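Below, each value reflects all heavy atoms present in this structure, side chains not excepted, and no hydrogens, waters or symmetry copies. Just so you know, ligand 1 is whichever comes first in the structure, and atom 1 is the first atom listed for that ligand. Remember, it's a predicted structure, so these values are computed and weren't measured experimentally.
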Amino acid sequence: MAVLYTSDETRGAVFAERFAAVFPDLPFYQSEAPRPEDVEFLVTWTVPGNVDKLYPNLKLIFSVGAGVDQFDLAALPDRVSVVRMLEPGIAEQMREYVTLAVLGLHRDLPRYINQQAGAQWLVGRNVAAKSRRVGVMGLGQLGKAVLEALSPFGFQLKGWARRQHDIPGVETFTDLGAFLAGTDILVCLLPLTPATTAILDAKLFSTLPRGASLVHAGRGRQLDHQALVDALDEGQLASAWLDVTHPEPLPADHAFWAHPQIVLTPHIASQTRATEGADHVISGIQAFLAGTPIPGLVERERGY
Ligand code: NDP
Ligand code: OXD
């Protein structure tokens with residue numbers, strides 16, 4: 001039995017230390033295992049196409065990130081389970097990022113940044129938080145954490161997910177149209193699956209109230225990039241704050257770079273911390289060995 005880690009080397013060194021402390025008898029390899037048939041646990045961002053043949057005794061794949069869309073779940077052998085990263089720093093950082101973005105859009109930051117660049121001193125009207133409706137798509141660990149972080153500001157909070165959720169202080173929906181019609185700042189925190197690919201499209205933007213804004217920190221493939229530019233240029237949307245695009249990075253001539261109504265960050269909303277990430281993987285292996293529920297186990301058929 002062995003663990004193979006194939007991701008960032010610096011973080012891997014921390015993983016190796018934590019594993020040595022908790023599992024001194026469990027071999028932990030970085031990059032390559034001398035005997036691939038010993039590998040039962042793979043910690044990685046990407047999985048090679050021939051994983052079945054390469055690691056014939058593989059039991060668990062741990063994603064080093066919260067998302068698992070980088071894996072072709074349907075192509076993995078049935079005997080392998082997939083676990084996503086749940087270290088608490090991911091939700092903490094997402095709370096900060098989305099709060100920053102929602103407040104930035106609520107207080108017209110893109111407009112004032114542009115005014116500064118043009119040496120313009122023009123005063124706009126502030127909107128009261130209680131008059132602003134903030135809607136979060138995806139009510140998982142991140143969507144819920146973000147709603148909790150936003151609650152002290154007094155916004156009207158809404159949430160949308162596949163299943164009905166009951167969150168104090170948040171109006172929740174399973175009907176997308178009803179959710180969008182009452183959302184002024186839309187936050188996307190959905191996992192990328194076939195059902196959410198290109199979900200942020202022209203039809204969705206036209207269902208939002210005119211002048212709404214978007215915060216997107218899910219996955220780039222969920223956004224129809226041209227539809228966003230069109231919606232901004234036509235005035236249907238006022239502004240967008242994006243952390244994810246497709247591809248990443250964007251080509252040099254992409255319209256997002258210089259668009260005056262777009263704030264763009266290079267996929268930095270949350271980053272997995274090394275020690276806490278290692279502890280999450282260790283607790284997953286401990287649960288697997290004890291036969292108890294594994295935190296972050298992915299339902300492969302639904303894709304998240
Ligand atoms: P979770 O699995 O905890 O939650 C996913 C949520 O999305 C659930 O509420 C689920 O609904 C909902 N959902 C999934 N599919 C649909 C659908 N078709 N229609 C409506 N709702 C749907 O995920 P996390 O909160 O941990 O993470 C979400 C995503 O955030 C990640 O997959 C990743 O892509 C992205 N991410 C981005 C980062 C960044 O730095 N930009 C960092 C980390 C994550 P239900 O509750 O009904 O099952
Ligand atoms: C993740 C990410 O999935 O950083 O963790 O996007």
Side-chain angles (χ1 to χ4, degrees), residues 7-8 11 43-46 61-71 73 82-102 135-149 158-167 170 172-180 183 186-201 204 214-223 240-249 263-274 276-277 280-281 294-304:
S7 187
D8 173 80
R11 189 164 47 193
V43 186
T44 190
W45 181 248
T46 50
I61 296 176
F62 289 89
S63 170
V64 290
V68 294
D69 51 281
Q70 70 280 17
F71 302 143
L73 295 175
V82 176
V83 183
R84 66 204 178 91
M85 181 51 70
L86 284 188
E87 74 91 355
I90 295 179
E92 272 168 37
Q93 293 163 73
M94 193 58 83
R95 288 164 64 106
E96 292 172 0
Y97 183 87
V98 174
T99 302
L100 171 75
V102 167
V136 177
M137 300 175 87
L139 299 174
Q141 59 142 355
L142 299 182
K144 283 190 173 140
V146 157
L147 282 161
E148 189 187 78
K158 293 159 194 286
W160 175 75
R162 231 163 35 95
R163 295 168 296 187
Q164 187 57 46
H165 287 254
D166 188 11
I167 309 173
V170 179
T172 53
F173 296 79
T174 52
D175 177 335
L176 182 58
F179 164 75
L180 294 171
T183 291
L186 179 68
V187 178
C188 180
L189 280 171
L190 290 167
L192 181 66
T193 66
T196 68
T197 301
I199 190 168
L200 302 172
D201 64 0
L204 180 142
L214 171 70
V215 176
H216 185 29
R219 285 289 184 262
R221 279 194 168 93
Q222 288 161 343
L223 175 65
W241 192 301
L242 311 174
D243 186 51
V244 289
T245 60
H246 180 71
E248 291 178 0
V263 175
L264 181 64
T265 55
H267 201 144
I268 44 76
S270 297
Q271 292 161 352
T272 302
R273 296 175 304 185
E276 294 79 357
H280 169 70
V281 173
I294 301 173
L297 191 68
V298 168
E299 279 187 34
R300 283 182 49 181
E301 325 69 55
R302 71 176 191 182
Y304 68 96

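Closest approach of R11 and D8 over heavy atoms only: N-OD2, 2.8 Å. Closest non-hydrogen pair, L214 versus L223, comes out as CD2-CD1, 4.2 Å. Residues V146 and M94 share a closest heavy-atom pair of CG2-O, 3.7 Å. For the residue pair T172 and H165, the shortest heavy atom distance occurs at OG1-O, 2.7 Å.
Neither the backbone nor the side chain of Q271 comes within 4.0 Å of ligand 2, counting heavy atoms alone. Counting heavy atoms closer than 4.0 Å to ligand 1, residue R219 contributes side-chain atoms (C-beta onward) but none from N, CA, C or O. Residue contacts with ligand 1, taken as heavy atom pairs separated by less than 4.0 Å, involve D243 solely via side-chain atoms from C-beta onward. Under 4.0 Å from ligand 1, the heavy atoms of M94 that appear belong solely to its side chain. Residue contacts with ligand 2, taken as heavy atom pairs separated by less than 4.0 Å, involve R219 solely via side-chain atoms from C-beta onward. Contacts between M137 and ligand 1 below 4.0 angstrom, taking non-hydrogen atoms only, are absent altogether.
Considering backbone and side-chain N/O of A66, none are found under 3.5 Å from N/O of ligand 1. For ligand 1, the polar-atom distance check finds an N/O of R163 within less than 3.5 Å of one of the ligand's N/O atoms. Considering backbone and side-chain N/O of W160, none are found under 3.5 Å from N/O of ligand 1. When only interatomic distances are considered, the shortest N/O to N/O separation between G138 and ligand 1 does not fall below 3.5 Å. Considering backbone and side-chain atoms alike, G67 places every N or O at 3.5 Å or more from each N or O of ligand 1. When only interatomic distances are considered, the shortest N/O to N/O separation between T196 and ligand 1 does not fall below 3.5 Å.
V98 places none of its side-chain heavy atoms less than 4.5 Å from the side chain of W241.
Ring geometry for H280 against F62 counts as perpendicular: the plane angle is over 60°, on a 0 to 90° scale with 30° as the lower cut.
Y97 and T265 are linked by a side-chain donor-acceptor pair at a separation below 3.5 angstrom, with hydrogens and angles left out of the test.
Selection from G65, S270, A66, G67 by nearest heavy atom to atom 4 (O) of ligand 2 gives S270. With G140, G143, P191 as candidates, the residue nearest to atom 7 (O) of ligand 1 on a non-hydrogen basis is P191. Remark: among candidates Y304, Y97, F179, the nearest residue to atom 48 (O) of ligand 1 is Y304, based on non-hydrogen atoms. Of the candidates P266, A195, A91, A195 brings a heavy atom nearest to atom 18 (N) of ligand 1.
Ranking protein heavy atoms by distance to atom 27 (O) of ligand 1, first place goes to L142 CD1, 3.4 Å. Here the heavy atom of the protein found nearest to atom 2 (C) of ligand 2 is H267 NE2, 3.5 Å.
The closest approach between R84 and ligand 1 falls below 4.0 Å for a heavy atom of the residue.
Taking a cut-off of under 4.0 Å to the non-hydrogen atoms of L189, the atoms of ligand 1 that pass are 28 (C).
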